[in-house]
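For clarity, every value in this text was computed on a predicted model and none was experimentally measured. What's counted below: heavy atoms across the whole structure, side chains too, no hydrogens, waters or symmetry copies. Order of the sequence lines fixes the chain letters, A, B, ..., with proteins taken first and strands second; residue numbering starts at 1 for each chain.
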Amino acid sequence: MPALCHLKPAISRMSDDKKLTSRAEDFSAWYNEVVLRAQLADYSPVRGCMVIRPDGYGIWERMQRALDDQFKATGHRNAYFPLLIPESFLRKEAEHVEGFAPEAAVVTHGGGKKLDEPLVIRPTSETIIYSMFAKWVQSYRDLPILINQWANVVRWEMRTRLFLRTLEFLWQEGHTAHVTHDEAEVETLMILGLYRRFMEEHMAMPVLTGLKTHSEKFAGALRTYSCEAMMQDNKALQAGTSHNLGQNFSRAFELQFQSESGGMEFAWNTSWGVSTRMIGGLVMTHGDDNGLRIPPKLAPTEVVIVPIWKSDEERARLLEAANNVKQALTSWTGRGHDGIRVHVDAREGIKPGAKYYEWELRGVPLRLELGPRDLQSNSCMVARRDGNFIGPAPAEVPGGKAPSRKAVLSLDGLPTAINDILTTIQSDMLAAALARREANSHREPMTYDTFRELMEGDGGFVYAGWNGDPAIEAKVKEETKATIRCIPDAEFRSKDAPTTCMVTGEPAKHEVVWAKAY
RNA sequence: CGGGGCGUAGCGUAGCCCGGUAUCGCGCCUGCUUUGGGAGCAGGAGGUCGCCGGUUCGAAUCCGGCCGCCCCGACCA
């Protein structure tokens, strides 16, 4: 089928070279190679769409599970609203149309006939959801409504990147309706905090939270808050958003309720979402020149066991031993009902070293090597994907050679030891990512000239004063490609907050964080 | 939509200027020897050279048209 000829990834020097393009050499080529070769995703026959492969989807499933538990714990329930939305719905909220009309995919035909009214494939579901809420709400007693849905959405983007920006992507969108503005604001901020904790604790990806400026907020929202992460090329990735929608959609869809005092009032709404884009963030936060590194909590496979044998007799013995170790780990109850997720690489005809490289590329946090000598001593060799020592670093090695980063662990009590190491990896990854972000954040007094040089060079996050004028924001974007990522929440602000606007020298209205962004 | 580049095996490519049905590497399959950091040797499978048309005895190669993809500029989780 000639139509499939464009499926070739646009990547140079991939197959004839076992090594990845390095991050320093070409960060975006590196990213594409990691995503493809770690088998997270592949290109689809349709431009801008992607297939999420089992290893990528496995990460998504773990993200879903952790988030879904949190949504449920905070009183939300899942529902599902349809993919197709009447085009007229999109038009009912002025800012919303403006924001999404250009990137809407529209269905004009069905059943072989032209439709009376075109249907839009949801770019987001505010319109259909609040129109339904309007049917379900009569009284303040019906509020709040706390709904979440896991769904796919379509936005006809011009330039696409695997996971970061595709025409179709998977996400979760929460939609709530409340009696008061303040209650909606509390919900918006609660979810923002929930996202932040998820990104730190599960993704090991530090984020700063804050308020979006008017030009960067969601079309149709009163206020948008976001989580912003720093990738290894020092660009910002907006990893999650939480919106206080005010009464904009309530008014558009007549979502009214009778209040305690008997009058009719419009409900106050929030919406919030995170998407498969987070997987791209994970790759660009933790990956190295050997490939992917997945934090244990999100890794579909936490431990890979590579048995080593020479003869057939040894092979049988080692495979049995490997499976016994796997059994001990998967059935371990030390962290509740979920055992440790283990894979035994029993493939023949591939040397152990080749397997090591492959599992490192694919990001498995911990590798366990099991050979005849280990069996003899009732132990195994363990290596951390993040390259850190297991236990304290050896003080010195004779001959000045680099000390081995593998450690010998006894097979007795192995699950506990492995679990401890996984926990350490998880926290070390967060600490490393946090240190990297801080090392590339600039809180020193900054002139606009210095800022421009910085944005032409290494980039990073720049904390600076802003007079609050959208025209200045636009000018900086025009001149440097950097945008205001957010007006940071209190805990992220500088101790000595800038008092003047970086560009005009006028009194600063806010301290803001500037960066180039994905 | 403007500017640039490219479509040859699963992937990366040579050949194209100077027409004679296709090169090499990686991967894949089989066998033997290997297996504690990317194995070696031998054999093998796999391509209507993006599509349509033209020139020609003959087109991957020359000519025309079309399609698609990638990169750079105006939008975005």
Side-chain angles (χ1 to χ4, degrees), chain A residues 1-19 26 28-29 32-33 36-37 42-43 45-48 98-104 123-124 153-161 163-173 195 212 215-219 224 226-229 236-243 271-281 290 306-312 314-315 318 347-361 367 369-376 380-381 383 404-406 408 477-478 481 483 517-518:
Chain A
M1 199 199 298
L4 290 177
C5 63
H6 63 272
L7 281 178
K8 303 181 213 160
I11 282 173
S12 57
R13 55 180 297 251
M14 213 172 93
S15 61
D16 54 337
D17 194 342
K18 287 180 172 134
K19 277 190 153 39
D26 185 341
S28 86
N32 286 333
E33 288 178 25
L36 293 169
R37 289 177 61 180
D42 204 349
Y43 293 105
V46 176
R47 176 198 78 87
E98 209 177 305
F100 284 106
E103 55 189 54
T124 179
V153 286
V154 169
R155 299 178 186 177
W156 217 262
E157 303 290 351
M158 298 186 174
R159 306 203 48 193
T160 58
R161 299 281 313 276
F163 287 115
L164 301 173
R165 179 164 297 110
T166 46
L167 298 196
E168 178 187 4
F169 58 93
L170 305 182
W171 76 349
Q172 140 296 294
E173 50 180 320
Y195 284 161
K212 286 289 187 184
S215 71
E216 295 279 332
K217 78 173 176 62
F218 172 69
T224 292
S226 74
C227 295
E228 302 284 332
L237 182 79
Q238 179 175 303
T241 49
S242 186
H243 316 288
S271 71
W272 26 275
V274 293
S275 72
T276 40
R277 179 181 235 206
M278 290 191 295
I279 297 173
N290 296 321
V306 179
I308 298 156
W309 64 77
K310 287 192 172 70
S311 64
D312 282 351
E314 269 182 359
R315 176 173 172 271
L318 266 302
R347 289 176 297 175
E348 291 183 66
I350 300 175
K351 295 180 77 167
K355 293 181 179 179
Y356 302 164
Y357 280 102
E358 178 175 334
W359 293 112
E360 281 167 10
L361 170 67
R367 182 182 67 243
E369 306 165 13
L370 197 60
R373 294 204 296 273
D374 303 306
L375 272 197
Q376 204 106 56
C380 59
M381 291 289 272
S404 169
R405 287 173 185 261
K406 296 183 188 180
V408 179
K477 181 176 181 179
E478 167 79 26
K481 303 266 185 277
T483 50
Y518 276 93

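- With sequence neighbours excluded, the residues satisfying ring-ring contact (aromatic ring centres under 6.0 Å, His included) with W359(A) are H343(A).
- Partners of R315(A) according to the salt bridge (Lys or Arg N to Asp or Glu O under 4.0 Å) rule, which considers only residues two or more places apart in sequence or in another chain, are E348(A).
- A cation-pi arrangement is present between R155(A) and W171(A), with the terminal nitrogen or guanidinium carbon under 6.0 Å from the aromatic centre and inside a 45° cone about the axis.
- With sequence neighbours left out, W309(A) forms a ring-ring contact (aromatic ring centres under 6.0 Å, His included) with no residue at all.
- Summarising the geometry, the separation between CG on N32(A) and P on rC11(B) is reported as 16 Å, rounded to the nearest angstrom.
- In terms of the salt bridge (Lys or Arg N to Asp or Glu O under 4.0 Å) criterion, residue partners of E216(A) (sequence neighbours excluded) are, by chain and number, R485(A).
- Here rG73(B) presents its P atom at 13 Å from CD of E478(A), a figure rounded to the nearest Å.
- A salt bridge links E228(A) with K212(A): the closest approach of a Lys/Arg side-chain nitrogen to an acidic carboxylate oxygen falls below 4.0 angstrom.
- Nucleic acid contact for Y518(A): none, since no nucleic acid atom lies under 4.0 Å from a heavy atom of the residue.
- Note: CD (E33(A)) to P (rG12(B)) measures 11 Å, nearest angstrom.
- For RNA chain B, runs of at least 3 consecutive pairs of the Watson-Crick or G-U wobble type, with both hydrogen-bonding distances under 3.5 angstrom, map to B:1-7 with B:67-73, B:10-12 with B:24-26, B:28-33 with B:39-44, B:50-54 with B:62-66.
- Computed from coordinates, the E157(A) CD to rC76(B) C1' distance equals 4 Å when rounded to whole Å.
- Here CZ of F218(A) is found 5.0 Å from OG of S271(A). Values are rounded to the nearest 0.5 Å.
- As rounded to the nearest Å, rU48(B) and rA42(B) have C1' atoms that lie 32 Å from one another.
- When the nearest nucleotides of RNA chain B are assigned to G99(A) and G48(A) by heavy-atom distance, the more 5′-ward of the two goes with G48(A).
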So if I define the base as every atom that isn't primed, P, OP1 or OP2, how would nucleotides 31-41 of chain B read as a B/S/- string at a heavy-atom cutoff under 4.0 Å?
----BBBBB--

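- Rounded to a whole angstrom, the distance from the C1' atom of rG12(B) to that of rG20(B) is 28 Å.
- Looking at heavy-atom distances under 4.0 Å, L164(A) makes contact with a base.
- Not a single donor-acceptor pair under 3.5 Å links the side chain of K406(A) to the backbone N or O of E369(A).
- Atom NZ in K477(A) sits about 9 Å away from atom C1' in rC76(B), given to the nearest Å.
- For D374(A) (side chain) and G371(A) (main-chain N/O), a donor-acceptor pair under 3.5 Å exists by modelled atom type.
- Taking the C1' atom of each, rU8(B) and rA59(B) are spaced 14 Å apart, rounded to whole Å.
- Rounded to whole Å, the separation between the C1' atoms of rC49(B) and rC71(B) comes to 24 Å.
- Between rU23(B) and rC29(B), the distance separating the two P atoms is 23 Å to the nearest Å.
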